[in-house]
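Index from 1, following the sequence. Everything numeric here is computed off the predicted structure, so don't read it as measured data.
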Amino acid sequence: MAQEKSKINEALAILEEAAKDKKEELNKLVGSGYANVRELFTEGLKKSSQVQEKLGDAVSDGEKIVEDTIKRGSMYVQDAANQLGKEIHNKPMLYLAIVSGVSLFIGYLLGSKKEGNK
């Protein structure tokens, strides 16, 4: 019986020693895994900041393009309005006849709808 207890104690001692060894290995694996996760997280943050910076640059470029387009569009409209003003000033009777004809046509259309409803 004493011999069985000593074998059991010996087996327990071997198991305990193996558990300590495995515990150290497991701690090393977890520690290195944590370091890898932390490194990946840090790299992800760096890439995220780079993406945000590029996105900010793209937005500012887009704003500049929109501003330039608005400026060119307003200059085009002003030029067209000035040109039309000059044409009207040079040929007022022609444009008066055009406006009168369009007004007469619109009045005819609106008047014919009223007569059709009666």
Side-chain angles (χ1 to χ4, degrees):
M1 183 115 154
Q3 195 176 24
E4 289 178 9
K5 285 185 179 181
S6 70
K7 286 185 179 181
I8 291 174
N9 286 337
E10 206 176 300
L12 286 173
I14 291 172
L15 285 174
E16 190 175 324
E17 186 66 33
K20 286 181 183 178
D21 289 342
K22 294 298 177 183
K23 181 180 177 184
E24 289 174 12
E25 288 180 31
L26 186 60
N27 282 337
K28 287 178 184 177
L29 286 174
V30 169
S32 66
Y34 175 72
N36 289 339
V37 168
R38 185 176 52 198
E39 183 179 319
L40 287 174
F41 185 71
T42 304
E43 288 177 16
L45 286 176
K46 287 179 184 177
K47 288 182 180 180
S48 172
S49 65
Q50 290 172 351
V51 167
Q52 286 177 344
E53 184 178 326
K54 288 180 181 179
L55 184 61
D57 292 344
V59 167
S60 65
D61 290 346
E63 287 174 349
K64 289 177 185 176
I65 290 171
V66 168
E67 287 175 5
D68 291 345
T69 303
I70 289 172
K71 285 180 186 177
R72 279 188 271 135
S74 67
M75 288 173 40
Y76 176 76
V77 168
Q78 285 178 341
D79 290 344
N82 288 338
Q83 185 67 25
L84 182 62
K86 288 178 185 177
E87 287 291 323
I88 291 173
H89 185 71
N90 290 338
K91 301 175 186 176
M93 294 308 286
L94 173 67
Y95 288 99
L96 183 62
I98 291 172
V99 170
S100 299
V102 170
S103 299
L104 182 65
F105 181 70
I106 291 174
Y108 175 76
L109 289 177
L110 293 175
S112 66
K113 286 184 179 181
K114 286 182 181 178
E115 288 179 13
N117 289 337
K118 289 183 180 180

query: Quick one: CZ on Arg72 to CD on Glu67, what's the gap to the nearest 0.5 Å?
result: 12.0 Å
query: When rounded to the nearest 0.5 angstrom, what is the spacing between NZ in Lys54 and OG in Ser49?
result: 10.5 Å
List the atom pairs, donor and acceptor, that lie under 3.5 Å between side-chain atoms in residues 76-85 and the rest of the protein, sequence neighbours left out.
from: Asn82; atom 1: ND2; to: Gln78; atom 2: O; distance (Å): 3.3

Could you give the side-chain donor-acceptor pairs of residues 100-108 under 3.5 Å, partners two or more places apart or in another chain?
from: Ser100; atom 1: OG; to: Leu96; atom 2: O; distance (Å): 2.8
from: Ser103; atom 1: OG; to: Val99; atom 2: O; distance (Å): 2.9

Straight-line distance of Gln50 CD to Gln52 CD, nearest 0.5 Å: 11.0 Å
